[in-house]
Asks: 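Okay, here's the structure, questions in a sec.
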Protein chains: 2
Amino acid sequence: MFIGELAKRSGVSTRSLRYYEQQGLLRPRRRASGYREYDDSDVATVRRVRVLLAAGLNTDLIREVLPCMADEGTILAPTCDEMAQDLRDERERMSRSIEQLQAAHAMLSSIIHAGEALTAGAGARAGAGAGGKA
Amino acid sequence: MFIGELAKRSGVSTRSLRYYEQQGLLRPRRRASGYREYDDSDVATVRRVRVLLAAGLNTDLIREVLPCMADEGTILAPTCDEMAQDLRDERERMSRSIEQLQAAHAMLSSIIHAGEALTAGAGARAGAGAGGKA
DNA sequence: GTTGACTTTGACATTGACGTCAAGGTCTAG
DNA sequence: CTAGACCTTGACGTCAATGTCAAAGTCAAC
C-alpha cells in the first residue's frame with residue numbers, strides 16, 4: 001500500500017509516517033517512481049510506535065526496541081546489554097510517570113468531586129454516579 | 001525569600017519560576033528594588049505545579065485549577081462550569097495516558113524479561129529475583 | 001563603601017514530533 | 001491521454017517549557 005492508505009489504516013498523518021522513516025522506524029520499499037510501498041505488518045509497527053511515543057520514549061530508543069517486537073506477541077531479547085540498561089531506565093521512568101499521573105488524577109478528581117457536590121446540591125443535574133462523600 | 005532560595009527549596013530553576021510567574025501561576029510580592037519575594041506556601045504551590053505539568057496539563061489550565069488547591073488538603077470547587085468540563089476532559093486524557101503508559105511498560109517488561117532469561121542462562125550473573133520462566 | 005553573590009529584564013536558542021506550504025512528478029480510471 | 005487525486009523532497013513554522021547569555025541594578029557582609 002502507499003503512504004496514504006497506511007495513514008488511514010493507522011490513523012497517523014503522512015507527515016508522521018515520513019518522519020518515522022527518517023528516524024529509521026519504518027523502511028518501506030520504493031517503487032521506481034520513488035513512491036513508498038508498505039505492507040500490512042507496518043500497520044502494527046506504526047501502532048507500536050505510537051504506544052511507545054505516547055509513553056515518552058524518543059525515536060532513538062524506539063528504533064532499537066522495534067526489532068525486538070517482530071510479530072504480534074513475539075518478543076525477542078534486547079540486542080545488546082547497553083540497550084537492556086536503557087530499557088530498564090526507561091521502564092523506571094515510566095513507573096514514575098504513572099505515579100505522577102495518578103497523583104495528578106487524584107488532584108483533579110478531588111476538585112471535580114467538590115464541584116459535583118455543589119452542582120448536585122444546587123441544580124441536582126450532575127450524574128454523580130458512584131461516590132458518596134469521600 | 002528570594003527566588004534563589006525558592007529554587008533551591010523547590011528544586012526548580014529560577015528560569016522556570018519566572019516563567020511560572022509570567023504564566024500567572026505565581027504572584028510574588030515585589031520589593032521596591034524589584035526583587036521577587038516569596039513565602040513558604042509558594043514551595044507547595046510550585047510542587048503542585050510540577051505535578052500537574054508532569055501530568056501534561058498546560059499552564060493555562062494549571063492557572064485555573066491552582067486557586068482550587070489553596071492549602072494542603074483544602075480543595076475548593078471549580079470556579080466555573082466550563083472549567084469543570086475542562087477538568088473532566090483532562091482527567092479522561094490522563095486515564096488514557098496511564099493506560100498507554102502501562103501498555104508500554106508491559107512491552108518493555110516483556111523485552112527486558114526475555115533478555116534477563118538469556119543472561120541468566122548464559123552468564124548466570126543477572127539478579128533476576130522473582131520470575132522464573134513466564 | 002567595596003566586593004561578590006544575587007537579582008532584574010530581555011531576547012534568542014533548544015528540543016521533538018509534528019503541521020503546512022510549495023513546486024513538481026506519478027498513478028489510474030475513464 | 002488527460003484529469004485529478006496521490007505522491008515526492010525540502011524547508012520553514014509551531015508549541016511548551018527551559019537553557020543561556022548579556023547588561024545592569026541590588027543585597028548583605030565586612
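Below, chains carry the letters A, B, ... as their sequence lines are ordered, and counting in each starts from 1.
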Asks: Within a 6.0 Å radius of atom CZ on B/R30, are there more than 12 heavy atoms belonging to other residues, nucleotides or ligands?
Replies: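 More than 12 heavy atoms, drawn from other residues, nucleotides or ligands, come within 6.0 Å of this atom.
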Asks: Quickly work out the A/Q23 CD to C/dC18 C1' distance and round it to whole Å.
Replies: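 Rounded to the whole Å, the gap is 11 Å.
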Asks: Side chains of B/R50 and B/Y20: do they bring a donor and an acceptor to under 3.5 Å?
Replies: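 The answer is yes; a qualifying pair exists.
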Asks: Measure the distance from CD on B/Q22 to P on D/dC15 and round it to the nearest whole Å.
Replies: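 Distance check: B/Q22 CD to D/dC15 P gives 15 Å.
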Asks: Under 4.0 Å: is that the gap between some side-chain N or O of A/Y20 and OP1 or OP2 of C/dC18?
Replies: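 Yes, because at least one side-chain N or O of A/Y20 sits under 4.0 Å from OP1 or OP2 of C/dC18.
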Asks: Would you call B/E37 and B/R31 a salt bridge, using N to O less than 4.0 angstrom?
Replies: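 A salt bridge links B/E37 with B/R31.
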Asks: Between C/dC18 atom P and A/L26 atom CG, what is the distance in whole Å?
Replies: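 Going from CG in A/L26 over to P in C/dC18 covers 12 Å.
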Asks: Is there any ring pair (Phe, Tyr, Trp, His ring centres under 6.0 Å) pair reaching into residues 22-41 of chain A, and which pairs are they, with sequence neighbours excluded?
Replies: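 Pairs touching residues 22-41 of chain A that pass the test: A/F2-A/Y35.
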Asks: Using the side-chain heavy atoms of B/Y19, tell me which of these nucleotides is nearest: D/dG19, C/dT20, D/dA17.
Replies: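 The listed nucleotide nearest to B/Y19's side chain is D/dA17.
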Asks: Which nucleotide in the list D/dA17, C/dC12, C/dC18 gets nearest to the side chain of B/R15?
Replies: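 The listed nucleotide nearest to B/R15's side chain is C/dC12.
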Asks: Pairs under 3.5 angstrom only: tabulate donor-acceptor contacts from the side chains of residues 3-10 of chain B to other protein residues two or more places apart or in another chain.
Replies:
from	atom 1	to	atom 2	distance (Å)
B/R9	NH2	B/D40	OD1	3.3
B/S10	OG	B/L6	O	2.6

Asks: Does this structure show an ion pair linking A/R96 with A/E99, if we count only N-O contacts that are shorter than 4.0 Å?
Replies: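 No, this pair does not count.
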Asks: Return the minimal non-hydrogen interatomic distance between B/L25 and B/L66, and the atom names on each side.
Replies: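 Taking every non-hydrogen atom into account, O-CD1, 3.6 Å.
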Asks: With nearest nucleotide decided by heavy atoms, which residue, A/T59 or B/E21, maps closer to the 5′ end of DNA chain C?
Replies: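 Upstream on the strand: B/E21.
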Asks: Sort and list the pairs that fulfil ring pair (Phe, Tyr, Trp, His ring centres under 6.0 Å) and have at least one residue in residues 81-107 of chain B, not counting sequence neighbours.
Replies: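 Found none.
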Asks: Within this structure, what is the CE-to-P distance between A/M1 and C/dC27, rounded to whole angstrom?
Replies: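 Atom CE in A/M1 sits about 18 Å away from atom P in C/dC27.
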Asks: So, is B/S16 near the phosphate of D/dA17, with a side-chain N or O under 4.0 Å from OP1 or OP2?
Replies: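 False: B/S16 side-chain N/O out of range (4.0 Å or more) of D/dA17 OP1/OP2.
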Asks: What's the angle between the local helix axes at either end of the helix from C/dG1-D/dC30 to C/dG30-D/dC1, using five pairs per end and rounding to 10 degrees?
Replies: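 Taking five pairs per end, the axes differ by 10°.
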Asks: I'd like a table of donor-acceptor pairs (distance under 3.5 Å, sequence neighbours excluded) in which one partner is a side-chain atom from residues 11-19 of chain A, with atom names and distances.
Replies:
from	atom 1	to	atom 2	distance (Å)
A/S13	OG	A/S16	N	3.1
A/S13	OG	A/S16	OG	3.0

Asks: Find which nucleotide of DNA chain D each of B/R31 and B/L53 is nearest to by heavy atoms, and output the residue with the more 5' nucleotide.
Replies: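 It is B/L53, whose closest nucleotide lies nearer the 5' terminus.
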Asks: Hey, what are the protein-to-nucleotides 6-8 of chain C N/O distances that come in under 3.5 Å?
Replies:
from	atom 1	to	atom 2	distance (Å)
C/dC6	O2	B/Y35	OH	2.9
C/dT7	OP1	B/G4	N	2.5
C/dT7	O4'	B/Y35	OH	3.2
C/dT8	OP1	B/R36	N	2.9
C/dT8	OP1	B/R36	NH1	2.7
C/dT8	OP2	B/R18	NE	3.0
C/dT8	OP2	B/R18	NH2	2.9
C/dT8	OP2	B/R36	NH1	3.2
C/dT8	O5'	B/R36	NH1	3.1

Asks: Within this structure, what is the CG-to-C1' distance between B/D60 and D/dC15, rounded to whole angstrom?
Replies: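 Interatomic distance, CG of B/D60 to C1' of D/dC15: 12 Å.
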Asks: In whole angstroms, how far is the P atom of D/dC7 from the CG atom of A/L6?
Replies: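 Result: 10 Å.
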Asks: Quickly work out the B/L61 CG to D/dA16 P distance and round it to whole Å.
Replies: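 After rounding, the gap between these two atoms is 13 Å.
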